[in-house]
Amino acid sequence: MNDLSAERVSALLTTRRFGRSLSIVSETGSTNDDAKRAARQGALDGHVIVADAQRAGHGSHGRSWSSPAGTDLYVSIICAPRVEAALLPQLTLAVGLGVALTVEEFANERASIKWPNDVWLRDKKCAGILVEGMSSGSRTSDLVIGIGLNVNRTDWPEDLANIATSLKARCAKNFDRARVLASLLQKVETQTDLFFESRGLRAALPAIRERLAWRGMLVRVDDKSGTLEGVDETGALLLRTETGLERVLSGTLTRA
Ligand code: BTN
């Protein structure tokens, strides 16, 4: 964990808020769960929790997030602006753009955003995002932005081997996790600030659309199939089906 000490990360930070209060632990259950607990106990906006390994990292749809020690980044950011729960899918895409820009900086190639919460390099996933709202009615109080980014990993369990990649697996060299983390926090802070200032995705939408995976291709979202045409300002996927253009708000996207 030498490359991931709080001192090194703090020295590299260029953010205003994200990571200015920072906790890096060697192992935990889930950094998102820790961040939710910390938020309830009054942790500050921008407080970041990073773990070298997670025992129970989780992703969307209750899936687990494989989180071994020594190679990757498991990061959760407490974000205080109050937004309606309905805005969380849009915010996930804005965060996805920040993650994609970070991946591009280090991999030196275009990353894609696979709706709604993955970042891919070429044809494999290298990062996942899980934004969780701590809701009270339709408003959310604190948000937790969870990001798992595969940095130096080259081995995956059998079920992930064909669908997962990392910066190292693509570029055949090791990356300094502290540098990747500092850049990630800067880029995600920039995108979330833009999102909250303009109360939505409008500013980020052109860059998201340029990076959207499988545009123009035949895809499925759960039991619906059609041609993927894009995303709209609400973060909905636009699918051209037999019956016309449909807005899809959630689901698992696959190639048809
Ligand atoms: C997904 O692809 O479904 C989202 C995966 C999100 C994983 C990250 S790792 C850090 C944070 N802690 C968690 O338990 N989950 C997120």
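Both counts, for ligands and for their atoms, begin at 1 and track the order of listing.
Close approach of ligand 1 to V75 is summarised as follows: ligand atoms under 4.0 Å from at least one heavy atom of the residue are 10 (C). Near G57, meaning under 4.0 Å from any of its heavy atoms, are these atoms of ligand 1: 14 (O). Short contacts between ligand 1 and S76, defined as distances under 4.0 Å to a heavy atom of the residue, involve ligand atoms 11 (C). In summary, the atoms of ligand 1 found under 4.0 Å from a heavy atom of I129, numbered by their order in the structure, are 4 (C). Within the listing of ligand 1, atoms 1 (C), 3 (O), 4 (C), 5 (C) sit less than 4.0 angstrom from a heavy atom of G59.
Distance check, rounded to the nearest 0.5 Å: CD1 of I113 to CG of N117 gives 11.0 Å.
N117 ND2, 3.4 Å is the protein heavy atom nearest to atom 1 (C) of ligand 1. Protein heavy atom closest to atom 15 (N) of ligand 1, with residue, atom name and distance, is H58 O, 2.7 Å. The shortest contact between atom 5 (C) of ligand 1 and any protein heavy atom is with W65 CE3, 3.5 Å. Shortest contact from atom 3 (O) of ligand 1 to any protein heavy atom: S60 N, 2.7 Å. The single protein non-hydrogen atom nearest to atom 2 (O) of ligand 1 is K125 NZ, 2.6 Å, given as residue, atom name and distance. For atom 10 (C) of ligand 1, the closest heavy atom belonging to the protein is T31 OG1, 3.2 Å.
Contact annotation for Q54 and ligand 1: only side-chain heavy atoms (C-beta onward) come within less than 4.0 Å of the ligand. Contacts between D33 and ligand 1, counted as non-hydrogen atom pairs separated by less than 4.0 Å, are absent for every part of the residue.
Side-chain polar atoms of T28 and Q54 form no donor-acceptor pair below 3.5 angstrom. Remark: the T252 side chain and the R63 side chain contain an N/O donor-acceptor pair separated by less than 3.5 Å. No hydrogens or angles considered: a donor-acceptor pair under 3.5 Å links the side chains of S66 and R153. In the model, Q186 has no side-chain atom that pairs as donor or acceptor with a side-chain atom of T15 under 3.5 Å.
Salt bridge status for R110 with E104: present, with a side-chain N to carboxylate O gap under 4.0 Å. Salt-bridge annotation for R247 and D232: present, with a side-chain N of the basic residue lying under 4.0 Å from a carboxylate O of the acidic one.
With contacts defined as side-chain heavy-atom distances shorter than 4.5 Å, the pair S166/W156 qualifies. V25 is not listed as a side-chain neighbour of V50, based on a closest heavy-atom distance of 4.5 Å or more.
With atom 14 (O) of ligand 1 as the reference point, the heavy atom nearest to it among A56, S64, G148, S30 is part of S30.
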